Amino acid sequence: MTPTIPGFSYDRVPVADGVALHVAAGGSGSPVVLLHGFPQTHLMWRHVAADLAGRHTVICPDLRGYGASDKPADPDGTAYAKRTMAADVVALARALGHERFALAGHDRGALVAVRAGLDHPDAVTHLAALDVLPTLDMWDVLHGTTAAVGFHLYLMAQPPGLPEKLIAGAPDAFFGHFLDLWARDPGALPADVRAAYLAACREAVPSIVADYRASAGVDVTHDRADRDRGATLRMPVTVLQQDWGAALGYDAAALWRAWAPDLRHVTVDCGHFMAEEDPGQVSGALRELLRR
């Protein structure tokens with residue numbers, strides 16, 4: 001049986017033509033939407049969501065293309081643009097009765113959250129991003145042999161066909177590589193959760209690749225247009241990150257501050273899957289953000 005977030009109800013909510021999201025929701029109070037990263041599902045928020053539900057309505061969807069949410073085809077390269085995925089999130093919140101909401105995202109979900117904050121500033125009241133850089137900065141900091149840490153970014157940026165075939169040939173080995181490599185505390189991903197992540201990814205290879213391919217194409221176009229016009233995130237922003245800057249030679253806080261003038265940037269000691277490895281720190285940071 002697939003694990004769930006205890007005490008949360010589950011539903012499928014239509015958010016666009018032919019697209020419905022699989023959503024877990026619980027608690028009561030001001031709304032907080034939590035977006036998962038790669039190679040995971042909404043389940044990565046299970047500890048944080050349960051903690052926040054004491055004072056907030058907590059909404060945890062599977063992003064389009066992931067988990068049990070719909071996985072539309074991508075004939076023109078825009079179905080998995082972060083602009084499209086951000087519109088899903090706003091539509092989801094509205095369908096559940098929330099015109100304004102706080103938003104937190106991890107990894108891929110953080111890129112969706114940033115795009116939502118830029119495109120829908122009147123809807124997003126507070127924004128948190130966990131262990132990622134904005135798309136343009138991500139590509140800019142990868143140089144030489146150090147870029148090998150992001151080999152999957154380059155693989156899934158290739159034209160349709162080859163990446164999907166290669167990954168589908170050994171999906172558990174591919175997705176499991178990241179679950180093993182990026183977790184500083186492997187015990188934070190128990191066997192049933194790890195198996196659920198692998199099963200979900202196994203069934204979503206084309207859409208996951210399309211999500212990453214968008215970040216080497218249409219997402220860059222959208223982000224560059226925003227940078228050129230001086231767009232920034234107008235809401236309070238908190239960023240939690242590992243110290244990738246020390247390894248790759250960049251100032252993460254400075255890169256984020258260019259996008260988020262009202263920024264709190266925190267370097268964490270846990271691994272990439274921080275909502276599972278150190279949920280107390282993540283919950284605390286989100287509560288502090290919501291007081292700003």
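Just so you know, residue 1 is the first one in the sequence shown, and it goes up from there. What you see is a predicted model; the values in this text were computed from it and never measured.
Residues Trp139 and Tyr154 meet the side-chain proximity criterion, which asks for heavy atoms closer than 4.5 Å. The shortest distance between side-chain heavy atoms of Tyr212 and His152 falls below 4.5 Å. In this structure, Phe174 and Leu155 have side chains that are in contact, with non-hydrogen atoms separated by less than 4.5 Å. Looking at Gln241 and Met274, their side chains never come closer than 4.5 Å, going by heavy atoms from C-beta outward. For the pair Ser30 and Leu290, the minimum side-chain heavy-atom distance is 4.5 Å or more. Using a 4.5 Å heavy-atom cutoff, the side chains of Arg46 and Phe8 are not in contact. Counting only heavy atoms from C-beta outward, the side chains of Trp259 and Val114 never approach each other to under 4.5 Å. You'll find the side chain of Leu118 reaches within 4.5 Å of the side chain of Leu233, heavy atoms only.
Scanning all heavy atoms of the two residues, the minimum distance from Gly117 to Leu127 falls at CA-CD1, 4.0 Å. Scanning all heavy atoms of the two residues, the minimum distance from His36 to Leu63 falls at NE2-N, 3.0 Å. Leu189 and Ala183 make their closest contact through CD1-CB, 4.2 Å (heavy atoms, listed as atom of the first residue, atom of the second, distance). Listed here is the closest heavy atom pair of Ala116 and Leu103: CB-CD2, 3.7 Å. Between Thr41 and Gly67, the closest heavy-atom pair is CG2-CA, 3.9 Å. Looking at every heavy atom in both residues, Ala129 comes nearest to Trp256 through CB-CH2, 3.7 Å.
Not a single donor-acceptor pair under 3.5 Å links the side chain of His47 to the backbone N or O of Ala275. Put simply, the side chain of Arg64 never gets that close to the backbone of Val19: no donor and acceptor are under 3.5 Å apart. In terms of modelled atom types and a separation under 3.5 Å, the side chain of His143 and the main chain of Asp140 share a donor-acceptor contact. Using modelled atom types, no side-chain atom of Arg83 and backbone atom of Asp219 make a donor-acceptor pair closer than 3.5 Å. The main-chain N or O of Val32 is never found under 3.5 Å from a side-chain atom of His98 such that the two would form a donor-acceptor pair. The backbone N or O of Ala68 sits less than 3.5 Å from a side-chain atom of Asp62, completing a donor-acceptor pair. Looking only at distances, no side-chain donor or acceptor of Arg94 sits under 3.5 Å from a matching main-chain atom of Ala91. Of the possible polar contacts, none joining the Thr267 side chain to the Asp243 backbone as a donor-acceptor pair under 3.5 Å is found. Glu203 contributes no side-chain N or O that, together with a main-chain N or O of Ala200, makes up a donor-acceptor pair within less than 3.5 Å. Remark: the backbone N or O of Thr78 is paired with a side-chain donor or acceptor of Asp76 at under 3.5 angstrom.
When the side chains of ILVMFWY residues are joined at heavy-atom separations under 4.5 Å, either directly or via intervening members, Leu179 and Ile208 end up in a single hydrophobic cluster. In the hydrophobic clustering of ILVMFWY residues, with side-chain heavy atoms under 4.5 Å counting as a link, Val89 and Val218 come out apart.
A side-chain N or O of Thr238 and one of Arg292 form a donor-acceptor pair less than 3.5 Å apart. Between the side chains of Tyr10 and His42, at least one donor N or O sits under 3.5 Å from an acceptor N or O. Using modelled atom types and a 3.5 Å distance limit, the side chains of Ser69 and His22 yield no donor-acceptor pair.
Note: Ser28 OG to His56 NE2 = 10.0 Å, rounded to the nearest 0.5 Å. Summarising the geometry, atom CG belonging to Asp262 is positioned 9.0 Å from atom NE2 belonging to His126; distances are rounded to the nearest 0.5 Å. Here the CG-CG distance, from Leu286 to Leu52, works out to 5.5 Å after rounding to the nearest 0.5 Å. With rounding to the nearest 0.5 angstrom, the CG atom of Asp88 is 9.5 Å from the OH atom of Tyr80. The line from CG of Asp192 to OH of Tyr197 is 10.0 Å long, rounded to the nearest 0.5 Å. Note: Gln281 CD to Leu240 CG = 6.0 Å, rounded to the nearest 0.5 Å.
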- Query: What's the verdict on side chain to side chain contact (heavy atoms under 4.5 Å, CB included) for Tyr66 and Asp211, showing C-alpha distance, side-chain angles and the deciding distance?
  - Reply: CA-CA 10 Å; Tyr66 287 82; Asp211 168 33; 2.5 Å; yes

- Query: side chain to side chain contact (heavy atoms under 4.5 Å, CB included) between Lys82 and Met85: does it pass, once the steps are laid out?
  - Reply: CA-CA 5 Å; Lys82 302 307 155 293; Met85 298 170 81; 4.1 Å; yes

- Task: Take Ser215 and Arg108 through the side chain to side chain contact (heavy atoms under 4.5 Å, CB included) test and state the conclusion after the steps.
- Result: CA-CA 10 Å; Ser215 285; Arg108 309 303 295 171; 2.8 Å; yes

- Query: Would Val282 and His106 satisfy side chain to side chain contact (heavy atoms under 4.5 Å, CB included), going step by step from the backbone distance to the final call?
  - Reply: CA-CA 11 Å; Val282 173; His106 174 256; over 6 Å; no

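Salt-bridge formation is detected for the pair Arg287/Asp51: a Lys NZ or Arg NE/NH1/NH2 atom is positioned less than 4.0 Å from an Asp or Glu carboxylate oxygen. Using a 4.0 Å cut-off between charged side-chain N and carboxylate O, Arg115 and Asp226 make a salt bridge. A salt bridge links Asp122 with Arg234; the closest basic N to acidic carboxylate O contact falls under 4.0 Å. A salt bridge does not link Arg194 with Asp172: none of the charged nitrogens is closer than 4.0 Å to a carboxylate oxygen.
Evaluated for a side chain to side chain contact (heavy atoms under 4.5 Å, CB included) with Asp137, the options Asp223, Leu255, Val132 yield exactly one hit, Leu255.
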